[in-house]
Amino acid sequence: AVIAYPLVRLLRRNNFSRGMAIFLVVTFVLGILGSFLWLLGDSAERFSEVMPAHMERLSDNFESWLAENEISGAQTDLSEQIPAPFINALTDIAGGLASAISNLLVVMILLSFMLLEAETIGSKLEVAFGTNRNPMKRLREYELDLQRYLVIKTIVSAITGIAVGLLCTLMKVEFPLLLGVIAFLLNFVPTVGSILASIPAMAIAAATLGIQSAILVGGAYLAIN
């Protein structure tokens with residue numbers, strides 16, 4: 001709502017009614033999100049299906065490597081070495097992208113009510129706190145700060161996601177588009193987000209291309225971030 005409301009204000013300044021301006025903005029946002037989910041839905045669903053198999057194959061390869069090098073007493077089940085919540089969170093993100101379209105209606109209803117409320121919040125705050133304290137000034141300052149932060153963070157995350165997608169394409173890692181989107185989304189999570197984003201790419205590379213490719217992918221993720 002914070003990001004979309006400037007579009008409503010722009011339309012209002014061009015003589016659109018409040019209802020029509022909100023309808024157009026909500027329809028625009030719905031079109032973007034719907035197209036995004038439609039584009040990724042199939043690959044996200046396949047990703048959530050193949051990830052457990054890739055992890056099992058990676059564990060088998062690791063066990064074979066230990067046997068070839070006569071290393072005994074080591075934990076060979078990688079599914080226990082890599083924290084389960086990390087893998088579960090990533091597969092949940094992928095699966096969620098495939099099924100999130102069912103939540104779009106709820107999101108759009110909430111967005112519509114927030115945008116409707118935004119135009120009257122100033123008068124309500126003045127009634128609650130009085131005009132002398134000028135509550136809208138602080139609210140607008142907060143709004144501008146939040147918009148700047150979101151714009152900068154989104155641009156940086158988008159660059160990260162594009163770089164990861166190109167990297168996975170060049171290195172022939174499966175699901176480059178989806179891995180790029182996961183990198184984009186998790187870049188919004190401070191510190192651990194970028195680490196989490198690299199796990200599925202490294203796991204897929206190790207299972208399908210070999211351990212050297214996985215190390216190269218990990219190093220490239222580190223360089224990008």
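Excluded from the calculations below are hydrogen atoms, water molecules and symmetry mates; all remaining heavy atoms, backbone and side chain alike, are included. The residues of the chain are indexed from 1 along the displayed sequence.
When all heavy atoms of Val173 and Ala205 are compared, the closest pair comes out as CG2-CB, 4.3 Å. Annotation for Val217 and Ala201: closest pair CG1-CB, 3.9 Å, computed over non-hydrogen atoms. Minimum heavy-atom separation, Ser213 to Met171: O-CE, 3.8 Å. Closest approach of Val2 and Pro6 over heavy atoms only: O-CD, 3.3 Å. Ile204 and Thr208 make their closest contact through O-OG1, 2.6 Å (heavy atoms, listed as atom of the first residue, atom of the second, distance). Shortest non-hydrogen contact noted between Pro176 and Thr169 is CB-OG1, 3.3 Å.
Hydrophobic clustering places Val29 together with Phe23 (ILVMFWY residues linked when any side-chain heavy atoms are closer than 4.5 Å, directly or through intermediates). By the rule that hydrophobic residues join a cluster once side-chain heavy atoms approach within less than 4.5 Å of another member, Leu33 and Leu7 end up as members of one cluster. Placement of Met108 and Ile32 within a single hydrophobic cluster is found when ILVMFWY residues are connected by side-chain heavy-atom separations under 4.5 Å, directly or transitively. Hydrophobic clustering (side-chain heavy atoms under 4.5 Å, transitive across Ile, Leu, Val, Met, Phe, Trp, Tyr) groups Leu178 together with Val189. Linking ILVMFWY residues whenever their side-chain heavy atoms come closer than 4.5 Å, directly or via other members, places Leu115 and Met20 in the same cluster.
Taken to the nearest 0.5 Å, the CD1 atom of Ile182 stands 11.0 Å off from the OG atom of Ser198. The line from CD1 of Ile162 to CD1 of Ile224 is 11.0 Å long, rounded to the nearest 0.5 Å. The CD1 atom of Ile109 sits 11.0 Å away from atom CG of Leu104, with the distance rounded to the nearest 0.5 Å. The OG atom of Ser17 lies 10.0 Å from the CG atom of Leu11; values are rounded to the nearest 0.5 Å.
For the pair Pro200 and Leu179, the minimum side-chain heavy-atom distance is below 4.5 Å. Put simply, the side chain of Phe184 reaches to within 4.5 Å of the side chain of Thr154, judged on heavy atoms. Using a 4.5 Å cut-off on side-chain heavy atoms (C-beta onward), Phe28 and Leu24 make no contact.
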- Message: Please evaluate residues Ile3 and Gln147 with respect to the criterion side chain to side chain contact (heavy atoms under 4.5 Å, CB included), reporting the C-alpha separation (whole Å), side-chain torsions for both, the decisive distance (0.1 Å), and the verdict.
- Response: CA-CA 6 Å; Ile3 295 173; Gln147 286 171 352; 5.5 Å; no
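The environment of OH in Tyr5 is crowded: more than 12 heavy-atom neighbours from other residues, nucleotides or ligands sit within 6.0 Å. Other residues, nucleotides and ligands contribute more than 12 heavy atoms inside 6.0 Å of the CZ atom of Phe188.
Screening residues 141-155 for salt bridge (charged side-chain N to carboxylate O under 4.0 Å, His left out) gives Arg9-Glu143, Asp145-Arg148 as the qualifying pairs, with residues at least two apart or on separate chains. Applying the salt bridge (charged side-chain N to carboxylate O under 4.0 Å, His left out) test to residues at least two apart or on different chains, the pairs with a partner in residues 11-39 are Arg12-Glu119. Applying the salt bridge (charged side-chain N to carboxylate O under 4.0 Å, His left out) definition to pairs two or more places apart or across chains, none involves residues 200-220.
When the options Val106, Leu116, Val26 are evaluated for a side-chain contact (heavy atoms from CB on, under 4.5 Å) with Leu111, the one that passes is Val26. When each of Leu216, Ile199, Ile195, Val164 is tested with Tyr221 by the rule side-chain contact (heavy atoms from CB on, under 4.5 Å), just one qualifies, namely Val164.
Although no hydrogens or angles enter the test, the distance criterion places no donor-acceptor pair under 3.5 Å between the side chain of Asn187 and the main chain of Ala183.
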